[in-house]
Each structure stands twice: as C-alpha cells, then as structure tokens.
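Every value quoted in this text rests on a predicted model; they were computed, and no experiment measured them. Scope of the values below: all heavy atoms of this structure, side chains included, with no hydrogens, waters or symmetry mates.
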2 protein chains.
Amino acid sequence: MNLSEAKQEFISSWGAFGSQWGINRTMAQIHALLLISPEPLTQDDIMESLAVSRGNVNMNIRELISWNLVERRTLPGERKDYFTAEKDIWKVATLIVKERKKRELEPMLKLLDQLSQVDADKREKDVKAFTDMVGQIRKMGGQADKMLDLMVKAEANWLTGSLMKLMR
Amino acid sequence: MNLSEAKQEFISSWGAFGSQWGINRTMAQIHALLLISPEPLTQDDIMESLAVSRGNVNMNIRELISWNLVERRTLPGERKDYFTAEKDIWKVATLIVKERKKRELEPMLKLLDQLSQVDADKREKDVKAFTDMVGQIRKMGGQADKMLDLMVKAEANWLTGSLMKLMR
DNA sequence: CAGAAATTTCAAAAATAATTGAAAATAAAT
DNA sequence: ATTTATTTTCAATTATTTTTGAAATTTCTG
C-alpha cells in the first residue's frame, strides 16, 4: 500500500469509527487529516482533501477547537488561518476524556443523585428495584469519574506503567 | 419526585445518554426499562411503556440479546416470551466492554497493523508523520485492549480495589 | 392438522442529523 | 474609505437512521 492509499484508508476508517461513538463523521475525518499532517492546514486544504463544503469544514473545525483537539494558528504574513492538531496521542485521549466527563458523565451523576431521592416506600418491589439500580449506577459512575480524573492527571505511561504490572 | 416520574426521567435520560454514544435511543430505553423492572416483561409491556411499535421493540430486543444484556425467558404455561436484563451493573459494564472490544477495537487494531506496513521512504516528512501517528495509536490501542481484557476478567471491585489505592 | 397466538421481517414513511452554498459579517490591504 | 480576502452563519437541501405497520413466518394448542 502506498502513502496516499494508506492516508485515505486511515481517514475514512477514523471517520467510520467516530460515527460508531456518536462523533460526526466529518469532524472525525478532519481530525484524522490534521493528525497525520506535518504542517498546519487551511480550511481550503481541508475542503479539497476531504471534498466537503466550506461551511462544513468551518463548523467542525470550531467544534474540534472547543474540544481543545485543534488549534487555530495565524502565520505571520499570511492572510489565511491555519489549523493543527495535538499530535501526542496520550494528550488527545486525556482531552477527549476530560470533555466527555464534563459534558456527559458529570451531568449524569447529578441526575442520578436526584433520582435516588425518589419519595416512595422502599418496601415496594418496584421502588426497591429502581433505587437499587440507580444506586448501583451512581456508585459505578462515581468510581469511573474518580478513575478518569486520575487518568487525566497521570502521565503518558499510565497504561504501561505500574497499573499494568499490578494487574498482571 | 414520585416513582413513575423518576422512572420516566431515568428511561428518557438513559436513552439520550445512549444516543450520544452511538446507541439507538429505543434500544437504550428498553434496556433502562428492563433494568428497573423487578419482573420480566413481554414485548407488549414494553410497547405500552415506551409507546413504540412492535417491530421496533422486537428488533431492539434482539440486538440487546446479541449483546448478552437481555435474556429471553419462557415462563411455564405462558404463551408469550418474557425478557429480563442482567441487573448487576458491573456485569453489564463488562458485557458492553467485551462486545465493543470485539466489534470495534480489535478490527481497528488489525487495520492499524496493515497501515503501519505502508511502503514509502520514511525520511519523507509526510511518511514519518503518518507512520508515527499510526504507531502511536496502535500502541495505545494495544494497551487499552490488554487493560480491558483485565477488566473483563477482574471482579466487581476492580475499580474500588487495589487499582484505586495504587493510583492515589 | 387446523386455527389461534405470537414473533419476525422488511419496504415504506417519518424523524433526525449532516451538509451545502450563498449571503452576511469580519478582518486586512491599499 | 473602499476594495478584497477570509470567515462565519444558517435556511434549505440531502443523506442517514430509526420507526412503523402489515404481511409472512413460526410456534403453540386443542
């Protein structure tokens, strides 16, 4: 396989993979493209590479920036804006974890706390099943939350380091 | 908040949460409903509770069964099939991890291995950027794969136990 | 085995999400 | 201040995903 075939395959698969995880296909593809671009790219570069419209590129780039995965950069003497992606994949992973935690996990924990306050007789089978399940999910969610905090704070060798050794 | 309000909220939020993670809303809602139902339910029960069609319930139930999250059960003397969900949330988590690992992570690792074989001169900037990134992702993916294997094998206290203590 | 009950399938319809493209806004250059 | 380049917005369109519902199939029952 030559380079441009491999690039195509990478970008397309990254997009498909993203879709399965609730991430806009084009957003994932733009991210993939920037990940493997040694130099910053303009919106026009991206439009051409992926054959998508200007509006599409613009919106998805802004979304990537809001996740801190992509940075806008203005080169001196250049009129256009350039974009680069964070290239350290560990940092990428922690940035994504940080955002999903903030946007999804934390609100979910808040909701579960509310739901556990349900006002009903716990001797009833239905009530017990409900509060047990909410309690279980709340507990596991809280643990995951703490664990992801540690991950975000930890260094890049978290996965390879003492954790893996311990669990062998 | 009374029980039925709380149930409604739980089911609806679980559906919304699922959507964000690429899981069909109705599938997530059916799962939520079964999670908090002390007794097995029929397709008709689910249709009524969630106000969705028979075909929809049937397809999503089958999908849940293929994830081993739901079990079909035929009660003696009863004509209809009944369905129950696994209620231990740790088991639920490991079942989901197991399936996503098999369906998504493993194929992705296979692809990355192929992509790393790209036939080109590594002194070229483009080539180096590409193979570096593929290599990084491959490495992290491989580590995640091992780690998730451990999680699947581990007991329910994995998150609270020595892991959390170690990382403090 | 015939009839009834329940489940499954899947083409068509509906709902949702993503994309386009052109107009508006903003920023830079002359 | 005007022109030109670039970015942003968003209503309309297009694509994708989900859902419906009725027909076909399968599974029970007497």
Side-chain angles (χ1 to χ4, degrees), chain A residues 11-34 40-67 69-84 103-104, chain B residues 11-34 39-67 70-84 103-104:
Chain A
I11 290 167
S12 142
S13 301
W14 204 247
F17 192 71
S19 290
Q20 292 186 296
W21 287 82
I23 288 146
N24 178 298
R25 243 170 66 90
T26 303
M27 177 171 151
Q29 290 188 346
I30 292 174
H31 189 216
L33 175 63
L34 289 173
L41 302 179
T42 63
Q43 293 196 166
D44 291 272
D45 293 336
I46 297 168
M47 285 168 66
E48 198 190 327
S49 284
L50 305 180
V52 293
S53 73
R54 182 175 304 287
N56 197 358
V57 169
N58 189 275
M59 286 182 130
N60 283 114
I61 277 272
R62 307 181 123 260
E63 186 65 11
L64 284 164
I65 290 171
S66 87
W67 284 71
L69 293 169
V70 165
E71 200 183 287
R72 183 188 304 267
R73 177 172 300 187
T74 38
L75 301 189
E78 287 272 7
R79 194 78 176 264
K80 288 181 178 175
D81 288 349
Y82 282 76
F83 301 92
T84 34
R103 296 179 187 202
E104 295 162 26
Chain B
I11 290 168
S12 141
S13 300
W14 204 249
F17 190 71
S19 290
Q20 291 186 298
W21 287 82
I23 289 147
N24 178 296
R25 245 172 75 85
T26 302
M27 176 170 151
Q29 289 188 347
I30 293 173
H31 190 214
L33 174 63
L34 290 173
E39 305 295 343
L41 301 180
T42 63
Q43 291 195 167
D44 291 272
D45 294 335
I46 297 168
M47 283 169 66
E48 200 190 324
S49 284
L50 305 181
V52 294
S53 72
R54 183 176 304 286
N56 198 357
V57 168
N58 189 274
M59 284 180 129
N60 284 114
I61 278 271
R62 308 181 124 258
E63 186 65 11
L64 284 164
I65 290 172
S66 87
W67 284 70
V70 166
E71 199 184 286
R72 183 187 304 265
R73 177 172 301 187
T74 39
L75 300 188
E78 287 273 7
R79 195 76 178 267
K80 289 181 176 174
D81 287 350
Y82 282 76
F83 301 92
T84 32
R103 297 180 186 201
E104 295 161 27

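Rounded to a whole Å, the CZ atom of Arg62(B) is 17 Å from the P atom of dA6(C). As rounded to whole Å, 19 Å separates atom P of dT7(C) from atom CD of Glu63(B). Rounding to whole angstrom units, CG of residue Asp44(A) and P of dA5(D) are separated by 13 Å. One atom, CD of Gln43(B), and another, P of dG21(D), lie 16 Å apart when rounded to the nearest Å. Atom CD1 in Ile46(B) sits about 10 Å away from atom P in dT7(C), given to the nearest Å.
Panel note: side chain Asp45(A), backbone Thr42(A); a donor-acceptor pair is recorded below 3.5 Å. The closest donor-acceptor contact from the side chain of Ser66(A) to the backbone of Glu63(A) lies under 3.5 Å.
Residue His31(A) forms a side chain to side chain contact (heavy atoms under 4.5 Å, CB included) with just one option from Asn60(A), Leu64(A), Ile23(A), and that option is Leu64(A).
Separating the CG atom in Asn24(A) from the CD atom in Gln29(A) is a distance of 9.0 Å, to the nearest 0.5 Å. Arg54(A) CZ to Ile46(A) CD1: the interatomic distance, rounded to the nearest 0.5 Å, is 11.0 Å. The distance from atom CG of Asn58(A) to atom CZ of Arg62(A), rounded to the nearest 0.5 Å, is 5.5 Å.
Applying the 6.0 Å contact sphere to CD of Gln20(B) captures more than 12 heavy atoms from other residues, nucleotides or ligands.
Dashed line: the shortest gap from a side-chain N or O of Asn58(A) to OP1 or OP2 of dT8(D) is under 4.0 Å.
Of all heavy-atom pairs spanning Arg72(B) and Ile65(B), the tightest one is NH2-CD1, 4.0 Å.
Contacts between residues 70-81 of chain A and DNA chain D, defined by a heavy-atom separation below 4.0 Å, involve Arg72(A), Arg79(A), Lys80(A), Asp81(A), listed by number.
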- Task: Report, as a single string ordered 5' to 3', how protein heavy atoms within less than 4.0 Å touch nucleotides 14-20 of chain C: B base, S sugar-phosphate only, - not at all.
- Result: ----SSB
